[in-house]
Amino acid sequence: MAPEPPLLTMSGITKSFPGVRALDGVDLEVQAGEVHCLLGQNGAGKSTLIKVLAGAHQPDGGQIAWRGETVSLKSPIAAMRLGIATIYQELDLVEGLSVAENVFLGHEPTSAGFVVRGAAARAATAQLLRRLGHTEIEPARHVGDLSAAQQQIVSMARALSHDVRLIVMDEPSAALDPEEVDNLFRIVGDLTAEGVAVVYISHRLEEIRRIGDRVTVLKDGRAVAGGLPAESTPTRDLVSLMTGRNVEYVFPERPPGPVAATGEPVLRVEGLARQGEFAPVDLQLRPGEIVGLAGLVGSGRSEILETIYGARRPTAGRVLVDGTPLRPGSVRAAVRAGIGLAPEERKAQGLLMLESVTRNVSLSTLSRFSRAGWLDHGREWAAARQATRELSVRPDNPDARIRTLSGGNQQKAVLARWLLRGCKVLLLDEPTRGVDIGARAELYAVIRRLADDGLAVLLVSSEVPEVLGLADRVLVLREGSVVHTADARELDEHRVLDLVMEGSPTA
């Protein structure tokens, strides 16, 4: 008898976006009943590949075969009808609906051709939750009232409400505690025992060892290794396959020797912590110094920045600027003390997309241009123009809508806001996300120049070369704890990846 063909075969998949080749001939083979792990750094092409598999993106080239027959996944509905379900890291549940309504959203139970609502949907949902071992979740409860772990179970129940044969899980353990991770692995084990295949995406090598059968590694849009045994492939080999980039990072030159920053620390963070997000952190930042926080998604990097900025209230510790403690959980106090934040999601959190460049730049300084309760638009415009010209924001038109600017120039506008404010400490969360290669080099030069002018910079980036190329000192984070602190010159990309994946807290 001829052997059974693989459940899924993706051959030579290509996908390009303007200026970016996201997938460059990727092959992926998944067998029924296996956990196939997908590994790679941010930007390696994992998200694009799973969106092609989910029918959300159409490939430019290549073929997809399902049980040996070539198929075309024209839409997410087509993928779901075939038996492919995707659970994204950012769960796409409707918080205002009940658990049962979310589970059967778009394919409500029917009888004699009519949609059956209410009790039938809740009964079917209860059966699915029982299969997943979570009878404590009530089908009638609103999803918005559930914990992150429970919402993930609801997403799995929704996948199982179809005749699913392959489930893609994108960083499913990112928001889970160890006990919840154990339960997730139990569920995955039960599913694969029934013949369901799982494509499991994670940065955590210890999880891949525990749950995976085989591993495919992506780098720069290519599959550099496929079908490696998850349990026996050495960590160093996996890390080596993940590293080594075609994209060159053009960083400003740093003076040789020790960090040039001198004087008393402008920022002190003493025992700062948030329960369930990150353990106590201590750091000092001097004028002219760039300190980088390196770690994976979920390691607590962004949460630390937001807590320093006052957007999150700490459960322990304090933040001091020039020796003066700040009121915990107060953005106003942080801004008045001289702290500025360029957030990770700049379009949603850092910019007014329908407003002009002028208004976005002056947003934190409007009181300076107010006279007797009236805003002096001329002074506001002139100040914004000066700030944007100092950072070479293009086009040189303060009246332009911010949404018409490129990602790099939008980010420069955010930096211009804090330059106009005269801040002392600049917090940068993923400063080059969504920025093309040429604009990256410009942003690197801007950040280095601001530091050279005396600004203290605390930087978060998922790109390890970016942290090492810009920062003077680096704090490496793993699962909410600082596991290593060193001069950036003492680290390389391999060492940092080893620490974030396998490290343990150091004294």
Side-chain angles (χ1 to χ4, degrees), residues 6-8 10 28-42 44 46-47 49-50 53-54 83-91 128 131-134 148-160 164-218 223 225-239 241-242 296-299 478-480 497-498 500-504:
L7 179 67
L8 170 74
M10 303 180 80
L28 176 67
E29 181 187 280
V30 181
Q31 302 285 349
E34 79 163 331
V35 178
H36 197 115
C37 298
L38 203 57
L39 190 62
Q41 295 194 81
N42 291 64
K46 302 187 302 295
S47 295
L49 184 65
I50 66 171
L53 179 56
I84 301 170
T86 302
I87 302 174
Y88 295 101
Q89 184 176 358
E90 299 295 332
L91 301 177
L128 291 169
R131 178 181 175 187
L132 293 171
H134 279 270
Q150 290 174 321
Q151 288 185 5
Q152 193 170 75
I153 296 300
V154 174
S155 289
M156 291 184 188
R158 183 168 66 182
L160 294 176
V164 67
R165 304 311 304 162
L166 186 151
I167 299 180
V168 181
M169 297 183 178
D170 186 7
E171 297 285 355
S173 66
L176 305 184
D177 63 30
E179 183 177 342
E180 292 166 339
V181 171
D182 289 341
N183 185 61
L184 170 67
F185 288 178
R186 178 193 61 77
I187 292 171
V188 170
D190 290 345
L191 291 172
T192 54
E194 297 172 7
V196 176
V198 174
V199 173
Y200 190 93
I201 301 172
S202 177
H203 285 93
R204 299 172 177 175
L205 289 185
E206 70 276 11
E207 289 186 3
I208 289 172
R209 302 252 186 260
R210 284 179 59 190
I211 197 173
D213 295 306
R214 296 190 296 154
V215 179
T216 290
V217 182
L218 297 186
L228 298 176
E231 187 175 357
S232 60
T233 303
T235 297
R236 171 59 67 180
D237 290 354
L238 291 174
V239 172
L241 288 165
M242 290 170 60
L296 303 176
V297 174
S299 63
R478 181 176 184 270
E479 297 182 2
L497 286 171
D498 280 345
V500 300
M501 291 180 177
E502 303 286 357
S504 58

Identify the two heavy atoms, one from G33 and one from T192, that lie closest to each other, and give their separation to 0.1 Å. O-CB, 3.4 Å
Give me the atom names and distance for the closest heavy-atom approach of A44 to L218. CB-O, 3.5 Å
Suppose we screen for side-chain contact (heavy atoms from CB on, under 4.5 Å). Which residues come up paired with E479, at least two apart in sequence or across chains? R204, E206
Nearest heavy-atom pair of L166 and V196: which atoms, and what distance? N-CG1, 4.3 Å
If you round to the nearest 0.5 Å, how far is CD1 of I201 from NZ of K46? 7.0 Å
Shortest non-hydrogen contact between A54 and T86, atoms and distance: CB-OG1, 3.4 Å
Applying side chain to side chain donor-acceptor pair (under 3.5 Å) to E231 and not counting sequence neighbours gives none
Before accepting this row, confirm whether a basic side-chain N of the pair D182/R186 lies closer than 4.0 Å to the acidic partner's carboxylate O. no
Is there a side-chain contact between L184 and E207 in this structure, where contact means two heavy atoms from C-beta onward sitting under 4.5 Å apart? no
Those residues at least two apart in sequence (or on a different chain) that pass side-chain contact (heavy atoms from CB on, under 4.5 Å) with V164 are A85, L160, I167
Separation between CG (L8) and CD (E29), nearest 0.5 Å, reads 9.0 Å
Return the set of residues passing side chain to side chain donor-acceptor pair (under 3.5 Å) with D213 (not counting sequence neighbours), or none when no residue passes. none
Distance-minimising heavy-atom pair for L128 and A157: CD1-O, 3.5 Å
Side chain to side chain donor-acceptor pair (under 3.5 Å) partners for T216, two or more places apart: H36
Looking at CE of M169 and CD of Q152, how far apart are the two atoms once the value is rounded to the nearest 0.5 Å? 7.5 Å
Here the gap from E171 atom CD to S47 atom OG, rounded to the nearest 0.5 Å, amounts to 9.0 Å
For L49 against M10, the heavy-atom pair lying closest together: CD1-CE, 3.7 Å
Could you state the interatomic distance from CG (L241) to CG (L39), rounded to the nearest 0.5 Å? 8.5 Å
Output all residues satisfying salt bridge (Lys or Arg N to Asp or Glu O under 4.0 Å) with D237, sequence neighbours left out; order by chain, then residue number. none
Taking the side chain as C-beta and beyond, is there a heavy-atom pair between T233 and V215 under 4.5 Å? no
Do L228 and L238 have side chains that approach each other closer than 4.5 Å (heavy atoms only, starting at C-beta)? yes
L38 and V168: side-chain contact (heavy atoms from CB on, under 4.5 Å), yes or no, with the steps? CA-CA 10 Å; L38 203 57; V168 181; over 6 Å; no
Are the side chain of R214 and the backbone N or O of V35 linked by a donor-acceptor pair below 3.5 Å? no
Distance col, row Q150:CD vs S155:OG, nearest 0.5 angstrom, shows 12.5 Å
Heavy-atom side-chain proximity of D190 to R131 below 4.5 angstrom: no
